[in-house]
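Here is the structure we will look at, set down as structure tokens.
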Amino acid sequence: MVIVQQEIFDSGAVIADVAGQSTDIGAVVSFTGYVRDFNDGSPVKSLTLEHYPGMTEKQLEKIEQEARSRWKLTDCRIIHRFGTMELGEPIVLVVTASAHRQDAFEAAAFLMDWLKTKAPFWKLEETAQGERNWVKERQSDLDAANKWKD
Amino acid sequence: MVIVQQEIFDSGAVIADVAGQSTDIGAVVSFTGYVRDFNDGSPVKSLTLEHYPGMTEKQLEKIEQEARSRWKLTDCRIIHRFGTMELGEPIVLVVTASAHRQDAFEAAAFLMDWLKTKAPFWKLEETAQGERNWVKERQSDLDAANKWKD
Amino acid sequence: MKILYFAWLRAQIGMAEDTVDLPKEVTTVDQLLEFLISRGEPYSSALADRNVIRVALDQEYVKGDAALKDAKEVAFFPPVTGG
Amino acid sequence: MKILYFAWLRAQIGMAEDTVDLPKEVTTVDQLLEFLISRGEPYSSALADRNVIRVALDQEYVKGDAALKDAKEVAFFPPVTGG
């Protein structure tokens, strides 16, 4: 399930919801990404995420289907926020559930690598000095996503 | 931090605690293992974990130190329960926090692979028919742990 | 045709959405980019570096040689940085 | 010396903890296992398959050739199945 929202979310509540659904789940893996206080060495005060409404949901749903086709998942949740966020706030959540831990781990790592390189979001950082900078694509993210290609 | 306890735990509360500590955390990965309703094909009613008090804590702390030496972690939590647990209850929790997602993901996967093969716990399953069986070591767990060896 | 711009492309061009009547010789994404650049500033600067422009046709990623055909919406944006 | 048994080893031997006086020719883990087996049942059955017995000396994993030396506590148990 894919949710794109402005509001803050609670990773623990999502994990509990996923785990509480059935007793054939052996493993739940979660990844939560937070607004960090610096990026590439500059101190960050807040972060604004712009996105492409419509395309975002479409791409996230495709990514979820791809993960479900590659691994045996009992459940899969993706929550991604947009708008302005303060330091320490969560930005993105991926939760995967499976009978076995490898499926849950690999699917979550895969989803994050693809979100970083395929989901139409753009980060605008505001520094302590009031500068606003668009975050640059990272080669390490592209490399991470490439390793999942067949 | 390592906790070995009989009581149930709340993965979400631990994640929130880890994430709330500092604003240089970019990524928090959690793994929660649950009591599943079947194992190797037999329906399971409940699970009892026996452990080796003293050695358990010692081994878990060593495993945590090993993870912290291999990856850059802001925080690392391991909670492992012992005693009798019902279907769907959590057994084990690993939470790793880092500036970057790869460190958090790899450290969590590493910790789980080592917990499965090195932490002195033994699972006794009770089936719906009232049979009690000691869970057998899995070759797939040994293989998973071996891939982390230098 | 509806054209959308995002992130610093939107900021540089100074609008999020535009509608253009395509000359009939403009049939691919790359031809559309050339056509926009030919209109001068702010397009010529904002769209100058083809390497940093990603394209979606009706919300699906496409390459520069993709045919515009009956697409309703084309979007230009920089490499994504979500997650 | 204190000897601990866990899981099905504990169940088969029928006790979790034992204390034995070691003959002085028993100086390694494997010699201790042989000594216990030589005492007959339930040790001889429970400890028969060396491949499924793991050993810890003072709460650290060791191999069969490890010297018992001044260790206070030796533990025998099956492969672990936690996590």
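The sequence lines fix the lettering, A, B, ..., with proteins before strands; numbering per chain opens at 1.
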4.5 Å side-chain heavy-atom contact, Pro53(A) and Val4(A): no
Heavy-atom pair count under 4.5 Å with chain A, highest-scoring of Ala144(B), Ala108(B), Pro90(B), Gly20(B): Ala108(B)
Test ring-ring contact (aromatic ring centres under 6.0 Å, His included) applied to Phe105(A) and Phe110(B), Phe105(B), Phe31(B), the passing residue: Phe31(B)
Region of Val35(B) that comes under 4.5 Å of a non-hydrogen atom in chain A: backbone
Heavy-atom side-chain contact between Ile15(B) and Ile15(A) under 4.5 Å: yes
Interface moiety of Ala99(B) toward chain A, non-hydrogen atoms closer than 4.5 Å: both
Option that, when pairs with chain B are counted at under 4.5 Å, heavy atom only, ranks first among Val28(A), Val29(A), Leu87(A): Val28(A)
Approximate separation, where rounding is to 0.5 Å, of Ile3(B) CD1 and Ile78(B) CD1: 10.5 Å
Phe121(B)-Phe82(B) aromatic ring centre distance below 6.0 Å: no
Close side-chain approach of Val14(B) to Phe9(B), heavy-atom, < 4.5 Å: no
Chain A contact via Ala16(B) - side chain, backbone, both or neither, heavy atoms under 4.5 Å: neither
Note each donor-acceptor pair with a separation under 3.5 Å, taking one atom from chain B and one from chain A.
unit_1	atom_1	unit_2	atom_2	d
Thr23(B)	O	Asp37(A)	N	2.7
Thr23(B)	OG1	Asp37(A)	OD2	3.1
Gly26(B)	O	Tyr34(A)	N	2.9
Val28(B)	N	Thr32(A)	O	2.9
Val28(B)	O	Thr32(A)	N	2.9
Ser30(B)	N	Ser30(A)	O	2.9
Ser30(B)	O	Ser30(A)	N	2.9
Ser30(B)	OG	Ser30(A)	OG	2.5
Thr32(B)	N	Val28(A)	O	2.9
Thr32(B)	O	Val28(A)	N	2.9
Tyr34(B)	N	Gly26(A)	O	2.9
Asp37(B)	N	Thr23(A)	O	2.7
Asp37(B)	OD2	Thr23(A)	OG1	3.1
Arg101(B)	NE	Asp113(A)	OD1	3.2
Arg101(B)	NH1	Asp141(A)	OD1	2.9
Arg101(B)	NH2	Asp113(A)	OD1	2.8
Arg101(B)	NH2	Asp141(A)	OD1	3.1
Asp113(B)	OD1	Arg101(A)	NE	3.2
Asp113(B)	OD1	Arg101(A)	NH2	2.8
Asp141(B)	OD1	Arg101(A)	NH1	2.9
Asp141(B)	OD1	Arg101(A)	NH2	3.1

Ile79(A) and Val92(A), any side-chain heavy atoms less than 4.5 Å apart: no
Between CD1 on residue Ile25(A) and CG on residue Leu73(A), distance to nearest 0.5 Å: 10.5 Å
Selection from Gly12(A), Gly33(A), Gly26(A) maximising heavy-atom pairs under 4.5 Å formed with chain B: Gly26(A)
Min side-chain heavy-atom separation Val135(A)-Leu124(A) under 4.5 Å: no
Interchain contact, Ala97(B) with chain A, by part (heavy-atom threshold 4.5 Å): neither
